[in-house]
K.L.:
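Input: one structure, supplied below.
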Amino acid sequence: MSTPEIHDVLAEVMSVKRCRGGVYRAELVAPEIAAVAKPFQFVNIKVSPGNDPFLRRPFSLSRIEPDEGIIEITWAVVGKGTGIMATWEPGREVKILGPLGNGFSLEDKGLTGGFIAPLGGKAPELILVAGGTGLAPMYPLVMSARKSGFTVSLFYGGRSLESLMDTDRFEQSGCEVHISTEDGSAGFRGVVTGLFESRLRNLSASDIVVACGPRPMLQRLKSMCGQRNIRLYVSLEERMACGVGLCKGCAVKTSGNDPGYRHVCTDGPVFLADTVELGGE
Amino acid sequence: MDLSVNLAGLTLKNPVIAASGVFGYGEEYVKVGDIRWFGAVSVKGTTLNPRAGNPPPRTCETPAGMLNSIGLENPGAKVVIEEKLPWLAQFGVPVIVNISGESYEEFRTLGSMFSESPLVSALEVNVSCPNVRAGGMAFGVDPRSCYRATYAVRRAWHGPLIVKLTPNVQDISSVARAAVEGGADAISLINTLVGLAIDIKKRKPVLGSVTGGLSGPAIKPVALRCVYEVSQAVPVPVIGMGGILDYRDALEFIMAGATAVAVGTAVLVNPSVPRSIVEGLIKYGQEEGVERISDLVGVAWR
Ligand SMILES: Cc1cc2nc3c(=O)[nH]c(=O)nc-3n(C[C@H](O)[C@H](O)[C@H](O)COP(=O)(O)OP(=O)(O)OC[C@H]3O[C@@H](n4cnc5c(N)ncnc54)[C@H](O)[C@@H]3O)c2cc1C
Ligand SMILES: Cc1cc2nc3c(=O)[nH]c(=O)nc-3n(C[C@H](O)[C@H](O)[C@H](O)COP(=O)(O)O)c2cc1C
Ligand code: FES
């Protein structure tokens, strides 16, 4: 595996916006990171100087613009660090380390839709399943998957219409978008795995599913896809300190008889679902 | 200012050491920082057999610090000797191997295994890890068992021997004296303080193994007090650590009696911290007219 290029830079905050679904979005000027970042890579951010909060916080790249030298992150306020980030003003400089993790690229996995398609007729599909802020890292993958000839569709769910993030950019890039809400205020009434179930029946071995969201959602998908032998990749979160492999803090248990651990920051954040234990199994 | 220090016969070009557990064996660090800014590096706590580590979550931020319960995840002494140390040698920075045994016998075996490797500059006997069930801190909370663990390594290893102490004791100076009687050439301190955090939503401890070790700025005053006491209680040099973030913190430890300092948690937040400390020390030396960093060791009590 090639050594990723990691940069520790002082990035200017270009814009901060409160968006639909109650999340915040910031554009950061970080040309070194934007130039090399891949889908599903993340950055580790010192949200403010000083010791409170003390450690950096990890966030996925929700948009990568190498030509403009810009990266975007999208977050929900869940605690101190994310709360401070919501008060960032344009012009402020923050320390960011990245890009981190292996990311997920279809090319690295030897998956190039365009070349497989002519055999069977139907172009291979990339299905994205997202819950909550799990939608954030999906967009860069859509961009790269379209280039490799995959048909892409998104299954995205939340509690209610108000809790859902904007999916316009997905639709604009030709991605088929399916929505679910638990209260039925938009799209399918129920959880996103219920919505996805109908599509699962039509998937074949050349299709792949990539999911990001709460663990129970990932667990459910793992058993659903497992039963039908559909390849599922899951993007995992674990509490992190360094984000680069120094502390061994971000452990996730490997599945099967192997009693070991893998690390979200260096081995992930995306794992083939069969290789890791998601709990409840 | 001359930054070089002599540590139990080992000369370091500067007094800033990578603390064990935040540097791995260097492979990850080189992607984010330059090893050569360190005067020496202490590698991840190494055990006789490979260890997978503790169940997650393994880390949790706390006010001005963090708890960790990594549980000595490491590939075992054999892999360290055959693969990790030869790779790390290319940087020309002295390597301290941090070892942890489950019994006196194991400490002795580790001592003899590492004495076969020419790439080890010093051994650091970890009698202070709070995150393992067998061994670990158990050896460091009692002067007698600390003496025996130190002596077990001393019989097998003839190079510089450092013993790393835990602050989770009544009288740290008596444990330090026992280590010196057992053959320690230097004392390093402090390892982490045992702590706990509760997740109020889950109504359960945050960490997978319940308790963890507290590190970072939160423990600095405790660490300084330990260095101040121990450096006066023993005739050997002390390596001070615990919450060091910048050159001012490093100077406090040196003035309290530390011959060298180690940075742990700070590396996780700011990988290039050794460089900023070294540059800060040089600037301080110029401004204050200090010729040798070693002139400042223990000035707070001398
Ligand atoms: C690889 C990776 C990518 C991520 N990408 C995004 C993203 O794109 N958008 C987004 O909104 N969030 C993302 N997260 C989660 C985000 O890092 C946490 O929400 C954030 O660190 C919380 O910081 P805080 O100070 O606000 O919360 P704290 O006050 O520290 O804690 C509040 C809650 O957040 C959780 N938490 C704290 N630290 C972490 C952590 N390091 N990882 C996961 N959960 C944590 C805790 O369980 C706690 O309940 C990602 C996490 C990882 C590991
Ligand atoms: C993630 C982590 C892992 C650690 N692992 C070890 C270890 O393997 N062996 C050891 O002797 N100390 C270990 N320590 C303790 C540090 O070396 C150091 O003694 C302690 O963290 C205090 O210094 P600090 O506040 O600068 O981090 C670890 C600390 C942290 C934060
Ligand atoms: S967060 Fe430190 S090793 Fe992954």
Side-chain angles (χ1 to χ4, degrees), chain A residues 1-10 44-58 78-81 95-101 215 236-254 258-267 276-279, chain B residues 18-19 21-33 44-45 50-75 131 197 199 201 206-209 212 215-218 220 243 245 264-273 275:
Chain A
M1 197 173 296
S2 62
T3 306
E5 280 184 66
I6 301 176
H7 303 273
D8 192 2
V9 299
L10 202 56
N44 214 4
I45 305 187
K46 184 81 180 112
V47 307
S48 60
N51 299 340
D52 187 20
F54 175 56
L55 299 172
R56 294 182 187 231
R57 297 290 189 267
V78 296
K80 194 158 226 159
K95 281 184 75 174
I96 63 177
L97 188 67
L100 306 178
R215 285 277 170 108
L236 299 183
E237 289 184 5
E238 215 9 282
R239 283 168 177 271
M240 288 189 175
C242 68
V244 295
L246 298 171
C247 69
K248 306 299 175 204
C250 57
V252 30
K253 208 165 189 335
T254 49
D258 174 7
Y261 293 97
R262 303 189 76 197
H263 301 96
V264 173
C265 74
T266 46
D267 300 319
V276 286
E277 227 173 76
L278 301 173
Chain B
V22 300
F23 176 79
Y25 299 91
E27 292 127 320
E28 290 86 10
Y29 186 80
V30 295
K31 296 177 189 168
V32 288
K44 177 66 191 170
R51 281 183 64 96
N54 287 335
R58 292 180 175 182
T59 64
C60 168
E61 177 160 328
T62 56
M66 66 181 278
L67 289 170
N68 89 79
S69 61
I70 309 300
L72 295 179
E73 178 180 327
N74 80 93
N131 295 322
D199 182 329
K201 281 209 180 116
V206 173
L207 297 176
S209 45
S215 65
K220 193 181 101 176
L245 295 184
T265 313
V267 174
L268 305 179
V269 182
N270 178 13
S272 56
V273 69
R275 176 178 184 164

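Every chain is numbered from 1 and lettered A, B, ... according to where its sequence line falls, protein lines coming before strand lines. Heavy atoms only: backbone and side chains are in, while hydrogens, waters and symmetry mates are out.
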K.L.:
Please flag which part of D8(A) lies under 4.5 Å from any non-hydrogen atom of chain B: side chain, backbone, both or neither.
P.N.:
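For D8(A), side-chain heavy atoms alone lie under 4.5 Å from chain B.
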K.L.:
Tell me, for V269(B) versus chain A, whether the close heavy atoms (under 4.5 Å) come from the side chain, the backbone, both or neither.
P.N.:
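Both parts, backbone and side chain.
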K.L.:
Just so I understand: if I count every heavy-atom pair under 4.5 Å between each of P53(A), G260(A), G243(A) and chain B, which residue has the most?
P.N.:
P53(A)
K.L.:
Start with the C-alpha distance between N51(A) and L245(B), add both sets of side-chain angles, then the distance that settles side-chain contact (heavy atoms from CB on, under 4.5 Å), and finish with yes or no.
P.N.:
CA-CA 10 Å; N51(A) 299 340; L245(B) 295 184; 3.4 Å; yes
K.L.:
When rounded to the nearest 0.5 angstrom, what distance separates CG in N54(B) from OH in Y261(A)?
P.N.:
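Reported to 0.5 Å precision, the distance equals 7.0 Å.
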K.L.:
Only one of K253(A), E238(A), H263(A), R239(A) passes side chain to side chain contact (heavy atoms under 4.5 Å, CB included) with P56(B); say which it is.
P.N.:
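The passing option is E238(A).
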K.L.:
For L268(B) versus C247(A), what's the shortest heavy-atom pair and its separation?
P.N.:
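Closest heavy-atom pair between L268(B) and C247(A): CD2-CB, 3.8 Å.
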K.L.:
So M66(B) and L55(A), do their side chains get closer than 4.5 Å, heavy atoms only?
P.N.:
yes
K.L.:
Contact part of K95(A) toward chain B, heavy-atom cut-off under 4.5 Å: side chain, backbone, both or neither?
P.N.:
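Contact with chain B is through the side chain of K95(A) alone.
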K.L.:
If you measure from CG on N270(B) to SG on C242(A), what distance do you get to the nearest 0.5 Å?
P.N.:
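Going from the CG atom of N270(B) to the SG atom of C242(A) covers 13.0 Å.
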K.L.:
Once rounded to the nearest 0.5 Å, what's the spacing between atom NZ of K31(B) and atom CG of L100(A)?
P.N.:
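With rounding to 0.5 Å, NZ (K31(B)) is 10.5 Å from CG (L100(A)).
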K.L.:
Tell me, for V267(B) versus chain A, whether the close heavy atoms (under 4.5 Å) come from the side chain, the backbone, both or neither.
P.N.:
both
K.L.:
I need the residue from P217(B), C60(B), G26(B), G71(B) with the largest number of non-hydrogen atom pairs under 4.5 Å to chain A.
P.N.:
P217(B)
K.L.:
Specify the closest pair of heavy atoms between I70(B) and G249(A), including all atoms of both residues, with the distance to one decimal.
P.N.:
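So the two residues come closest at CD1-CA, 3.6 Å.
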K.L.:
Check each atom of R57(A) against the heavy atoms of chain B and say whether the ones under 4.5 Å are side chain, backbone, both or neither.
P.N.:
side chain
K.L.:
Report which part of Y29(B) has an atom under 4.5 Å of a heavy atom belonging to chain A: side chain, backbone, both, or neither.
P.N.:
both
K.L.:
Out of G216(B), A218(B), P55(B), which one racks up the most heavy-atom pairs below 4.5 Å with chain A?
P.N.:
P55(B)
K.L.:
Side chain, backbone, both or neither: which part of P57(B) has an atom under 4.5 Å from a heavy atom of chain A?
P.N.:
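Both backbone and side chain.
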K.L.:
Can you tell me which portion of K248(A) sits under 4.5 Å from chain B's heavy atoms? Options are side chain, backbone, both or neither.
P.N.:
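Both parts, backbone and side chain.
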